[in-house]
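Input: a single structure, listed below in structure tokens.
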Amino acid sequence: MQFEIVAKCPTTKARVSRLKLSHGTTALPTFMPVATQAAIKGLTSQQVEALGINLILNNTYHLNLRPGMKIVKEAGGAHKFQGWNHNLLTDSGGFQLVSLSKFTKITEEGALFSSPFDGELTMLTPEECMSIQHTIGADIIMQLDDVVSSLTTGPRVGEAMWRTIRWLDRCIETHEKSGKTETQNLFAIVQGGLDPDLRDQCLDEMIKRKDRVAGYAIGGLSGGEEKDIFWRVIKQCTDKLPEDRPRYSMGIGFAEDLLVCVALGVDMADCVFPTRTARFGVALTFNGPLNLKSSKYATDFGPIEKGCPCPTCSDGQSRAMLNHIVTLETAAAHAITQHNLVFQARVMGGVRNAIIAGTFPQYLKTFFAQYFGNEGYPEWCVNALRSVGVDLLADRPDVRVVPGQGAKWDRAQQ
Amino acid sequence: MSACTLAFTLQNDFAQFAPRLGTLSLQRLDGTSTPEIQTPGFITASSRGVVPHLSRDHVKMTNAIRLTNIPFESFLERTPPVPTLQPGLKPLHAFLGFPTWQHILSLSLRDPFDGREMPANNKLYVSANCIRGVRKVTPADWRNYAIACKPDLVVALSDVPYTNQLHSQKRTTKGIERSTGWLADFLRPVAASLTGEEEEAKPHHLNVLVNLVGGTDARARTLFSQGLIETLHGREQEQVQPIHTLDEGVSGYIFDFLPLRLSLDTKSMTEPKQAIETDMFAELARASLAPLPQNKVRIAYSTTSPHEILRFVQDVGVDLFDSHWAQRAANIGIALDFRFPAIPDDMPIWNDEHCPCPQLRSNGKWDLGHNLFSEKYAHQHTRLASSFLNGTSPETQTEDSHVCPCGACSPSSLSIYLTHSSADARYLETEVPQRPYTRSYLHHLLHTHEMSSHTLLVMHNLSVMDAFFAGIRQVLKSSPASFLRELDRFAQTYDESTELFDEAEKLWAKIESERGKGRLAREKQSSGQVTTE
């Protein structure tokens, strides 16, 4: 792996970099779409690459259950299995163990869980987790971490953090012995919940291991915590993490979250949100999300967003036509998924261009003005960006500031 | 007003009811033309205005899709129907995203594959179905919708009852009368007010297809056709002038087999049911065609197998069929794998261990495809169809090799690549060949409810259909005398029974029930049943 910083924002902590992996070079900051079961829902690999996307995510937990490692191995790895010629990242499965399995018991040895299909008990150890990801063959692989919900408090948070560090050591050992360090790059996951002291200790320990990890992820967030706490944890991590390693914020996908994270120094993020919301009929635009199920679009012959280069908008597919098929024909999900992934890529592409041009603060202001308009800016975004020297309200004293998540979503979400 | 004219040219001498080769082409008045459709060929089925499971880029890259029928009834949910409000010269094409230079669109009121029971039609309207319930569509409505949408072909309204009972002779007679009257009304010149031009009423030049009605009564069918070629007089003639018979205003004929199947009691038939059904339908189709000129395109809807298609080519001389059954196969996880002419018994394909051929049934015939839900495909990391090579097979170099060009077997990089910033590396640093999708991958996608499975299967199955029809045309072109022999050999090679479809549907339903809202409750229920049994 080669990681090269191309440009830095003089105001914020944002940077543009190039990440060269075995299956090509990806420009960062970037958003990574999620192909949970080895497919971006409804699309073919050819369609995804045509959108200008060359780094996607597969879920280890899911692929390990179905189709199972025997089949992935026979097929020659996940790239070949799904016909994807570009970069691939796999998570460790730690998160799904907690969120999906009916029964999971964490021991020092690993995570004992029951298969959702046959109930059979399986032990996922850090060593096994590495071995599975080696079989999958992703360009970036994640350590097994002991994940607790971000709302958890008490000694369990510290226990999980320290165990995550011990598991990181076991992952590093296994990975280095595998002889795959040239083609697969192991990322550590910073844990520690919402406790600044624990986060700090975790950062110290993991940074000690810098020479043996290719990058760092910030985990344990996006679990329903206060946004005002969320950004402070991100900032605490990015302030401390080494410059010369990519930083990956897990489970982030709303445009405003992405922009704030990038301003705080994050390089990569993933989320099912843009693809999932597409299937519910919500199209993302620079003027805010559109719920295409709404009858107000039934006779609107314009595209989702004028000037959008995605296959859906550039073909002239109208809001009216999408309104006619949305949630009734899978073709609507495909069309909106294509659009939403291009929207995410455009937001991030615009970020890269702005950082290179030295105009990132202005890009943030323009984006927020257009995206939130008169509905008000989320207060936490204003606070977070102020912490890195960007005042969204500087030339907009009249704009409303909304506490909490921000009001924009009520209209669009189901 | 007129947007295009349809030409249908037959390429060989033929008897009235014999296999025939033809070319369907459209000349648009703006000078553009569409690709010619060679017949025998097929019409792609659509739902709510889209080819199910395909995004527009997939439709465009699937060469098999060139002629599509659009049932209008789903648009009746709103008044006025939304496509009628679409601006532009070709509103239907524009609304649905079919390029005019690539696609011929036909418009029918009803979905020809929807056999649900419907409230009776009467002399004023036809009952159509949409998601908000039954809608009554008058002949005047239908004409206005068609004129506003400007499809390339439009099916005139006809009175075909979709009620679950045998129809009396009186009902059949009424149906014929209404269908004839509605056709005459449809062929009326368009009033100037509708064209927006300051001229007198003139012919609308819609290319009109007519359903040959008459139910299961051969005499009634002939009667309807005779009505079409009767020279009109007096007021009737004035209404439709300058044409003299209704048939002059008609571009082609449709046989709608679904209502016939519904009104027949096929359960009492002995095997081979399908062949007997074809014989009956062929006789009815010939009864309809007997009085009519032979140079117009003949379309059959709701054939259910390639075997049946071959018999209608042979026994009636049908030119166009639909691909609904192949699209349904894609819905339930079947990858089609057959060729016409049938692959000879001694070909290595039947014993290829690396790429297994379809299953051999107890009757000594092969399945028409693979039920990819089946566990046996979990480990088959090979191309979808044994009968077709894929885009990267080394054997594809030879001239007579059969390659499936679909987006699953021969995926290719799409022509447009987006880049999103100046920092992005040239997108494709090295041109990596696209890897064909495998049975094992599709098996995985099917079992994980991934929509991409159906997308890939629809593209594949339509391409297999396209090759099937190309094979039919090739035989008719090079040795027409051998067609009947090839038909028999096909029937001896491939199984026509519904076993494959039945098995796939069962597995599809099982996997489908394991997902979505209420899944846990269903699981609980079924496990509860196990313990009480």
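Protein chains get the first letters and strands the later ones, always in sequence-line order, with residue 1 at the start of each.
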Let me know if [X] has heavy atoms under 4.5 Å from chain A in its side chain, its backbone, both or neither.
{"X": "B/Tyr441", "result": "both"}
{"X": "B/Pro87", "result": "side chain"}
{"X": "B/Leu85", "result": "both"}

Chain B contact via [X] - which portion, at a heavy-atom distance below 4.5 Å:
{"X": "A/Lys80", "value": "both"}
{"X": "A/Glu329", "value": "side chain"}
{"X": "A/Ser295", "value": "both"}
{"X": "A/Val16", "value": "side chain"}
{"X": "A/Ser17", "value": "neither"}
{"X": "A/Leu28", "value": "neither"}
{"X": "A/Leu19", "value": "neither"}
{"X": "A/Ala38", "value": "both"}
{"X": "A/Asn85", "value": "side chain"}
{"X": "A/Gln338", "value": "side chain"}
{"X": "A/Ile71", "value": "both"}

Any sub-3.5 Å donor-acceptor pair from [X]'s side-chain atoms to [Y]'s backbone N or O?
{"X": "B/His379", "Y": "B/Ser440", "answer": "no"}
{"X": "A/Asn58", "Y": "A/Ala35", "answer": "yes"}
{"X": "B/Ser463", "Y": "B/Cys404", "answer": "no"}

ask   = Out of curiosity, B/Asn129 CG to B/Asp111 CG, how far, rounded to the nearest 0.5 Å?
value = 9.0 Å

request  = First locate atom CG of B/Asp114, then atom OG of B/Ser74, and finally report the distance between them rounded to the nearest 0.5 Å.
outcome  = 11.5 Å

query = Can a salt bridge be assigned to the pair A/Arg346 and A/Glu305 using a cut-off of 4.0 Å between side-chain N and carboxylate O?
reply = yes

ask   = Parallel, tilted or perpendicular: which fits the ring planes of B/Phe72 and B/Phe75, with parallel below 30° and perpendicular above 60°?
value =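 The rings of B/Phe72 and B/Phe75 sit tilted, inter-plane angle from 30° to 60°.
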
Out of [options], return the one with the most heavy atom pairs under 4.5 angstrom to chain A.
{"options": "B/Gly97, B/Gly407, B/Pro411", "value": "B/Pro411"}
{"options": "B/His443, B/His381, B/Gln86", "value": "B/His381"}
{"options": "B/Arg48, B/Met451, B/Arg435", "value": "B/Arg48"}
{"options": "B/His454, B/His449, B/His447", "value": "B/His447"}

For the interface with chain B, which of [options] has the highest count of heavy-atom pairs at distances below 4.5 Å?
{"options": "A/His79, A/Gln82, A/Arg18", "value": "A/Gln82"}
{"options": "A/Ile40, A/Leu43, A/Thr299", "value": "A/Leu43"}
{"options": "A/Gly83, A/Pro67, A/Ala27", "value": "A/Pro67"}
{"options": "A/Gln37, A/His324, A/Lys41", "value": "A/His324"}

key: Side chain to side chain, A/Gln46 and B/Ser412, heavy atoms closer than 4.5 Å   = no

Side chain proximity check, A/Arg352 to B/Asp424, heavy atoms < 4.5 angstrom = yes

inquiry  = B/His324: which residues meet the ring pair (Phe, Tyr, Trp, His ring centres under 6.0 Å) condition with it, sequence neighbours left out?
reply    =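 In terms of ring pair (Phe, Tyr, Trp, His ring centres under 6.0 Å), with neighbours along the sequence ignored, B/His324 is linked to B/Phe113.
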
request  = Kindly say whether the aromatic ring centers of B/His444 and A/Phe81 come within a distance under 6.0 Å.
outcome  = yes

request  = Please list, chain by chain and in numerical order, all residues satisfying side chain to side chain donor-acceptor pair (under 3.5 Å) with B/His370, sequence neighbours excluded.
outcome  =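 Here the qualifying residues are B/Asp337, B/Tyr377, B/Arg439.
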
ask   = Can you tell me if CZ on A/Arg276 sees more than 12 non-hydrogen neighbours from other groups inside 6.0 Å?
value =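 12 or below, so no.
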
